[in-house]
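Just the heavy atoms: all of them, side chains too, but no hydrogens, waters or symmetry mates, feed the values below.
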Amino acid sequence: MKLPRLRSASLALLAWCVLAPLAGSLSAQASAATYYVRTDGGDDAQCNGRADVAYPGSGSNVDCAWKHPNYALPANDKPRIDGGDTLIIGPGEYMIGWDSPGLSTKSLRCDRSSPYDCYPAAPPSGKPDAKTRILGAGHDSGCKAPPKLWGTNRVELVFNLQDADNVEVGCLEITDKSDCVEFHADDAVRCERDAPPFGQWASIGIGAKNSKNVYLHDLNVHGLSGRGIMAGGLRDWTIERVRIVANGWAGWDGDVGEGESSNDGDIVFRNVEIAWNGCAERWQTGEPFACWAQEEGGYGDGLGTGKTDGHWLIEDSRIHHNTSDGLDLLYTDESKTATVVVRRLYAAANAGNQVKTAGNALIENSVIVGQCAYFHGKFAMSDGDMCRAYGNALSIGIGPKQTATVRHNTITGEGDCLILTAGGNATSRVDIYNNALIGQKDVTASDGDMRSCGHYADESTAVVTFAGNAFWDVKDDMCPPGNVCGREPKIASMEMGSFDPAPLAGSPLIDHATHQTSVTSDFLRQSRPMGAAPDIGAIEYQGGQAKATGATPSTSKAASGDADGTKIDQTSGAATPTQSSGWMIGTLAAASLLTAGVAAAMRKQRGRKGA
């Protein structure tokens, strides 16, 4: 059959339908501009920011770089760049706050009486296919020497992402130049807030609210007097190769206000380190000190949120030595659609619980070391903040008709229990498969069996299923049928201060994961299984291998997933190994000041209904 001949008008319409979207995209790309900041640039009258060269010393509106980010994003909230543009910030240091170059004289929020509001404008929103980009020079060659943005004069934010959509921020160091912590209980550490001179401190590294489709990468956010990042009301954010360390109140605080904090879409953390939050930082050396938490009026979570929705993915990351909980995603429990996936996480030595989830969740291929009394006698930490919430290593909240799966993890801890489940009813399920559960002395116990328990159900009637796990040295010798019981796991180290989950030759963990799962690689992205059957725990024995490695932010770009919109698979196993994510745990110990051994902190034991 011959097709009818199209009239010329129809052909024109067809061409327009096909080419118009492409033309629009090309037009957007063509209209986007690149601007530059460098320390030897000029002001907005001298330079137009359109060339990566120094101000020549004379002339106006010259093609040369601005000398400060304030000229691109002035405090009057009227950026000199447009949505979809790129701003490249050159090497060196840039002071953010009152007295910094380029502050607008027409700002309604920044003046001498309100120096806390003298932060730059948020970048103008881009489009989903044409983000506004704020990048440090070297972002495309490994980001070896990121420019430093440092806050001063009690500025509220160093980097502003309020109401900013479709933005990329990368290759920056964000900090301040003060040892102080805002509102600290110790007068000698507390920041001056009441009268100038306030000092060279800033409260929050990155602040965001009501923001969607944002990509943060290759950032070092450390030493702020309050929060490293305070961000809520987000949709579709991806955070990769970001370090959030030694911020005085919290690492990532997602509680930005009642009714404004809930997140949506995909919230992805990949290759991040969140550590030593709740501690002050010696700004010249990076040494943590004056650590505090709730007993002294502080906070101390590594990552915590308000009530939130969203599909959360945390993988290939380290969360350690925070003064309260490590990863606290407990407040997804009231959401019917939220999911939490934790994959290849190293969580250790946080003073509360190492990992908390709620609702539909998957925790797999992770190493969870509940050394909740690490801070005893160290860094001026109060003993009352040791092992908060009884120091359970993994805490799982579950609701009606929800399922949490815990598989192929190695979990140890010196708190009350290795796994706590709470909430739910007969329609709720917690499936615990192929985990190495290794007990320690329970530093929260005062009598009876002084070992941490393997599992405890706290006012919960959820159906909990155990299969293919190995239980060792737990309270009351708990070991349900269908699990490996009473056999020393034979791993590289079971000591709390040097815990290393790598199975040794002859370990009963090898080839004994009897519950079939879809997990095809391990904590180190090594293939699983390597023998007749998968191994129990996070590490698959390779034969004659060195010690296991702790997950650490990679220096290379993520090898899997779309950085701008990763889709979360909450049911399948880990992907085929594509990149290394490891440092030796021994190296981690040196880099993170983790020392072997800690004196036991004795606390009153609560009553328990079971093992």
Item to complete: Drop me the distance from Ile419's CD1 to Asn409's CG, to the nearest 0.5 angstrom.
Response: 8.0 Å
Item to complete: Please answer whether the main-chain N or O of Glu295 pairs with a side-chain N or O of Asp385 as donor and acceptor at a distance below 3.5 Å.
Response: yes
Worksheet item: Would you say the side-chain atoms of Ser366 pair up with the backbone N or O of Leu345, donor to acceptor, closer than 3.5 Å?
Response: yes
Worksheet item: If you measure from OG on Ser211 to CG on Asp236, what distance do you get to the nearest 0.5 Å?
Response: 10.5 Å
Worksheet item: Under a 4.5 Å cut-off applied to non-hydrogen side-chain atoms, are Gln371 and Phe499 in contact?
Response: no
Discussion item. Any side-chain to backbone donor/acceptor pair from Asp309 onto Asn263? Under 3.5 Å, distance only.
Written reply: no
Worksheet item: Are more than 12 heavy atoms from other residues, nucleotides or ligands located less than 6.0 Å from atom CD of Gln516?
Response: no
Worksheet item: In this structure, are over 12 heavy atoms from other groups packed under 6.0 Å from Glu260 atom CD?
Response: yes
Worksheet item: Counting distance only, does the side-chain N/O of Glu540 pair as donor-acceptor with the main-chain N or O of Met530 below 3.5 Å?
Response: yes
Item to complete: Please say which of Leu362, Ile363, Asn469 ends up in a side chain to side chain contact (heavy atoms under 4.5 Å, CB included) with Arg407.
Response: Leu362
Worksheet item: Any side-chain donor paired with an acceptor under 3.5 Å for Thr427 and Asn425?
Response: yes
Worksheet item: Below 4.0 angstrom, N of the basic side chain to O of the carboxylate: do Glu414 and Lys441 qualify?
Response: no
Worksheet item: Does Arg451 use its side chain to pair, donor to acceptor, with the backbone of Val474 at less than 3.5 Å?
Response: yes
Worksheet item: Hey, is the main chain of Ala250 close enough, under 3.5 Å, to the side chain of Asp301 for a donor-acceptor pair?
Response: no
Item to complete: For the pair Ser452 (side chain) and Gln440 (backbone), establish whether a donor and an acceptor sit closer than 3.5 Å, ignoring hydrogens and angles.
Response: yes
Practice prompt. Nearest 0.5 Å please: distance from the OG1 atom of Thr305 over to the CG atom of Asp328.
Written response: 6.5 Å
Worksheet entry | Phe269 and Trp312 aromatic ring geometry - parallel, tilted or perpendicular at 30°/60° bounds | parallel
Fill in: Any donor-acceptor pair under 3.5 Å from Ser324 side chain to Gly300 backbone
no
Discussion item. The criterion is ring pair (Phe, Tyr, Trp, His ring centres under 6.0 Å); which residues satisfy it with Trp249, sequence neighbours excluded?
Written reply: Trp292
Fill in: Residue that, paired with His217, satisfies side-chain hydrogen bond (donor to acceptor under 3.5 Å, both in side chains) out of Arg270, Glu168, Glu240
Glu168
Worksheet item: What closest approach, in Å, do Pro529 and Pro534 show between heavy atoms, and which atom pair accounts for it?
Response: CB-N, 3.4 Å
Worksheet item: Are the aromatic rings of Tyr374 and His321 close, with centres under 6.0 Å apart?
Response: yes
Discussion item. Under a plain distance cut-off of 3.5 Å, with no hydrogens placed, do Asn213 and Asn166 share a side-chain donor-acceptor pair?
Written reply: yes
Discussion item. Can you tell whether the side chains of Arg235 and Asp264 come within less than 4.0 Å, N to carboxylate O?
Written reply: yes
Response to the item:
Taking every heavy atom of Gly223 against every heavy atom of Glu281, the minimum-distance pair comes out as CA-OE1, 3.1 Å
Fill in: Under-4.0 Å salt bridge between Arg388 and Asp325
yes
Discussion item. Tell me whether Asp458 contacts the main-chain N or O of Leu420 through its side chain, where contact means a donor paired with an acceptor under 3.5 Å.
Written reply: no
Discussion item. Can you see whether Asn365 engages Asp522 through a side-chain donor-acceptor pair at a distance of less than 3.5 angstrom?
Written reply: no
Worksheet item: Could you state the interatomic distance from CG (Asn360) to OG1 (Thr405), rounded to the nearest 0.5 Å?
Response: 9.0 Å
Practice prompt. Run the salt-bridge test on Arg525 and Asp316 with the 4.0 Å N-O cut-off and return the result as yes or no.
Written response: yes
Response to the item:
Separation between NE2 (His515) and OG1 (Thr465), nearest 0.5 Å, reads 8.5 Å
Worksheet item: Tell me, do Thr517 and His408 make a side-chain contact under 4.5 Å, heavy atoms counted?
Response: yes
Worksheet item: Roughly how far apart are Met478 CE and Cys485 SG, rounded to 0.5 Å?
Response: 9.5 Å
Discussion item. Can you see whether Thr421 engages Ser460 through a side-chain donor-acceptor pair at a distance of less than 3.5 angstrom?
Written reply: no
